[in-house]
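The structure appears below as structure tokens.
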Amino acid sequence: MHIHDPAAREYIRKWIEKPGISHMTSEEKRILLARLVRSTRFEEFLAKKWPSEKRFGLEGCEVLIPAMKQIIDIANSRGVDSFVIGMPHRGRLNVLANVCRRELEKLFNQFNPDMAPEDEGSGDVKYHLGMYHRRINHLTNKEVELSVVANPSHLEAVNPVVCGKVRAQQFLNGDDARGKTMAILLHGDAAYSGQGVVYETMHLSDLPSYTTGGTIHIVVNNQVGFTTDPRFSRSSPYCTDVAKVVNAPILHVNADDPEAVMHVCNVAANWRQDWGKDVVIDLVCYRRNGHNEADEPSFTQPLMYKRIRELPNVLRKYSDQLLTEGTVTKSDIDEEIATFDNILNEAYQKSQAITKMKLTDWLDSPWDEFFECDANKVPILRETPATGTNESVLKIIAEKFSADPPIKVHPGIKRILKGRKKMAEAREADWALGEALAFGSLLMEGYHVRLSGQDVERGTFSHRHHVLHDQDVDGKVYNPLQNLSSSQQKYSVSNSSLSEFGVLGFELGFSQHNPNSLVCWEAQFGDFFNTAQPIVDQFISSGQHKWYRQSGLVMLLPHGMEGMGPEHSSARMERFLQMCNDDEDSKYEGKSLDQQLWDCNWQIMNITTPANMFHALRRQMYMKFRKPLIIFTPKSLLRHPLARSSFDDMTPGTSFKPLIPESRDVSKTKKLILCSGKVYYDLYEERANRGMEEEIAITRLEQLHPFPHSLIDEELKRYPA
């Protein structure tokens, strides 16, 4: 066994080798049979009603449904009351129907090609949708909460999102033991061994700021990836070998042996609760149809599918076994089938009467108490209040942030703290202090703040220093922003593993669970988001349009040509601008700034002042809705003597400025320059060097999307020349 810990090996050995350990009672066998009936007949019903539709059915691994329900039953009996599920397209409709109890009529309605969502957004194909449901588990008589996270076709991309969502729920519920909320991730065999985000996500599983107390992974091992044989899709003997890097137990089981599957599910659920670590179930099965129902698998796997067509399904096999044992009678089986068939047919009839579909019905974690809605449950748009705060609060934060810590720090840190103190006394803030004032003020108002990414504790450019290290005692640290007030909310700041795809996905999931956490991910350099591109493309930029899923995630991307070479310069602003939902013809005419923010898919900013950074971060929590925020952060401006803001720009009545004009005598101005970001300071200094302050005006565009057309129009009117 690959597991290093002798106690863990002995634990697994007892669960596997102890005589009679896998014995099932007659009642347990009947429950298993009933669940197999529902799993099998559901797929058969869909195949009969919609024979030409893609549904990515579960035929060949129908035991997945009883397996998931068994895991939920055991974990629920041991204290888990919430399950967050991430999965690919295969079997998704069956899971929604038979595990999560999605109303069948609403599920069947998704097959109606003419049914468009009545709320805003495009919607998505039925096998990408998520859902949320609370119900009583009749076996344990306890309430259970089930959430399936919506995800795109990008296989395994949802994994870190699910784990981040679980971590957020554990934080919100004070579940520090991580025993009440659990992730279940489903995988395909080819994707599990082939997609790098699988490794990235599993590598987070034991890190203090990312662990969720163990995920149960279920691999639906069809032994083929679309048309590719395992001998061409992986170099390892098993598709699950990647799990060995975290010493996770890997339980291989024949999916045509339902009782053996139930036993490994018992092992997995108990392992997760007893050890708080990941575990993998390898359901060795087959795929009865092609990749989808319209696909012909014999083109590429002729011998495999010749054998598959000869196989009876698992329901027939298990029914025959129980009949032979005398556990059930033929009439018992027929009655179970007839009962569920009636349920399916009644739901189908109801679905024909449905004339409207709402994306809100498919949310994986509704924010019911966050939005103020009208009688039709449509959110009411309210004006975002000013984001300034009392100067007394700013002074408290600045004082704590610059004070000598109760540990022995590096002499260089002492100089930095001394500089901060001098700035605070002058009522000024540089970039690091402006950010700290935003975080600290939100913390003191009761908002949780989470900052994650590579080297964020110190900051890539050694400017932040939110975690101070004792120079004599290993591991002894001090976090000034966690020590502002006895009544403040928790500040979570953590260096991440050297991962972008996995960590950005994790933080996105964290931000989606609850709207009252400011969640920030910072790239070490802006272009490092390259390797997290699927999260940006498939979730952040388009998630609300497809799934009605809001997020207030903040991406901090250091940007600018600062002598670091081409690889560490551009954060590829053009990519983000290309993905904006801007309509250049409308120019948001007649719309308030809040309405523009509501309509946009995300916010793009290239900020030049610490005060605007302060307001941008605080506005994320003050808005009455949530939008992703992409900030192209500076490098040289972190210490630029001109890039400072007065406390006056952060006190009550002040707000974020999408456009920063100059106060000047416009009658003498001959030229107006519109610019964005660091180049403003280059232009400012060059203008001064040439003595052209009266002739040339420079206006800073701080918010690139939604583009502030009306403000620019007003600014241009100031300069008739």
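As the structure is a prediction and not an experimental result, all values here were calculated from the model.
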Proximity of Y491 and Y447 rings by center, below 6.0 Å: no

In short, M87 meets R92 closest at the heavy-atom pair O-NH1, 2.8 Å

Taking E325 first and then K29, would you say they form a salt bridge - that is, a charged N and a carboxylate O separated by under 4.0 Å? yes

Give a yes or no on whether the ring-centroid distance for H128 and H89 is below 6.0 angstrom. no

Look at the side chain of S517 and the backbone N and O of V519, then say whether any donor-acceptor pair between them is shorter than 3.5 Å. no

Please name the pair of heavy atoms, one in I85 and one in M68, separated by the smallest distance, quoted to 0.1 Å. CD1-CE, 3.9 Å

Would the number of heavy atoms belonging to other residues, nucleotides or ligands and lying under 6.0 Å from NE2 of H203 be above 12? no

With heavy-atom distances below 4.5 Å as the criterion, would you say the side chains of V280 and L251 are in contact? no

Could you tell me whether K317 and D256 have a side-chain N and a carboxylate O separated by less than 4.0 Å? yes

N76 (side chain) donor-acceptor with V80 (main chain) under 3.5 angstrom: yes

Go through it in stages, so that I can follow the logic: the residues are N98 and R35, the test is side-chain hydrogen bond (donor to acceptor under 3.5 Å, both in side chains), and I'd like the CA-CA distance, side-chain angles, deciding distance and then a yes or no. CA-CA 8 Å; N98 285 316; R35 290 172 172 177; over 6 Å; no

Distance to the ring centre below 6.0 angstrom and angle to the axis at most 45 degrees; does that hold for K49 and F111? no

Are N109 and M357 packed together at the side-chain level, in the sense that at least one heavy-atom pair is separated by less than 4.5 angstrom? yes

Return each pair, listed once, that meets salt bridge (charged side-chain N to carboxylate O under 4.0 Å, His left out) where at least one residue sits in residues 245-254; pairs must be two or more places apart or across chains. none

Report yes or no: is the cationic atom of R102 (NZ for Lys, CZ for Arg) under 6.0 Å from the centre of the six-membered ring of W362, at an angle within 45° of the ring normal? yes

Please check if the distance between the ring centroids of F506 and Y210 is under 6.0 Å. yes

Does the E62 side chain pair with the main chain of L315, one donor and one acceptor, at a distance under 3.5 Å? no

Dump the intermediate steps for salt bridge (Lys or Arg N to Asp or Glu O under 4.0 Å) on E507 and R450, then the final yes or no. CA-CA 9 Å; E507 302 308 334; R450 179 180 170 90; 2.7 Å; yes

Please determine if E143 and R134 form a salt bridge, counting it only when a charged side-chain N lies under 4.0 Å from a carboxylate O. yes

Kindly say whether I3 contributes a backbone atom to a donor-acceptor pair with the side chain of R9 at under 3.5 angstrom? yes

Examine distances only and state if a side-chain atom of T327 and a backbone atom of S26 form a donor-acceptor pair shorter than 3.5 Å. no

May I ask you to decide if G502's main-chain N or O and E200's side chain share a donor-acceptor pair within less than 3.5 Å? yes

Heavy-atom closest pair (P66 atom, L32 atom, distance to 0.1 Å) is CB-CD1, 3.5 Å

Quiz item: cation-pi between R549 and W367, 6.0 Å / 45°: yes

Might you point out which heavy atoms bring S492 and H448 nearest each other, and give the distance in Å? OG-NE2, 3.0 Å

Under 3.5 Å, side chain of N94 to main-chain N/O of S39, donor-acceptor pair present? yes

Check the pair E145, Y132 against side-chain contact (heavy atoms from CB on, under 4.5 Å), reporting the backbone distance first and the verdict last. CA-CA 8 Å; E145 179 181 274; Y132 169 87; 2.8 Å; yes

Which of these passes side-chain contact (heavy atoms from CB on, under 4.5 Å) with V220: L64, I281, D189? L64

Side chain of D332, backbone of T329: donor and acceptor closer than 3.5 Å? yes

Checking the side chain of T215 only, and the main-chain atoms of H217 only, is there a donor and an acceptor separated by less than 3.5 Å? no

Would the Y348 and W50 ring centres measure less than 6.0 Å apart? yes

Should the pair F56 and H291 be assigned to parallel (<30°), tilted (30 to 60°) or perpendicular (>60°) ring geometry? perpendicular

Between H154 and F501, does the ring centroid distance fall short of 6.0 Å? no

side-chain contact (heavy atoms from CB on, under 4.5 Å) against A47, all qualifying residues, sequence neighbours excluded: R55

With side chains defined as the heavy atoms from C-beta onward, is the minimum distance between Y192 and L155 less than 4.5 Å? no

Considering all heavy atoms of both residues, which atom of C100 and which atom of L146 are nearest to each other, and what is their separation? CA-CD1, 3.8 Å

Given 3.5 Å as the limit, does a donor-acceptor pair link the side chain of R234 with the main chain of P237, or not? yes

Apply ring-ring contact (aromatic ring centres under 6.0 Å, His included) to the pair F510 and W521, showing each step before the final yes or no. CA-CA 11 Å; F510 200 106; W521 175 80; over 10 Å; no

Check ion pair K244-D241 (N to O, under 4.0 angstrom): yes

Closest heavy-atom contact between A255 and V261? CA-CG2, 4.0 Å

In terms of side-chain geometry, is the basic nitrogen of K126 or E53 positioned less than 4.0 Å from the acidic oxygen of its partner? yes

Can you tell me if CG on N141 sees more than 12 non-hydrogen neighbours from other groups inside 6.0 Å? no

Does D5 come within less than 4.0 Å of K277, counting only side-chain N to carboxylate O? no

Could you list all the salt bridge (charged side-chain N to carboxylate O under 4.0 Å, His left out) pairs where at least one residue sits in residues 150-166, not counting sequence neighbours? none

Could D334 and K330 be called an ion pair, given the rule that one side-chain N must be under 4.0 Å from one carboxylate O? yes

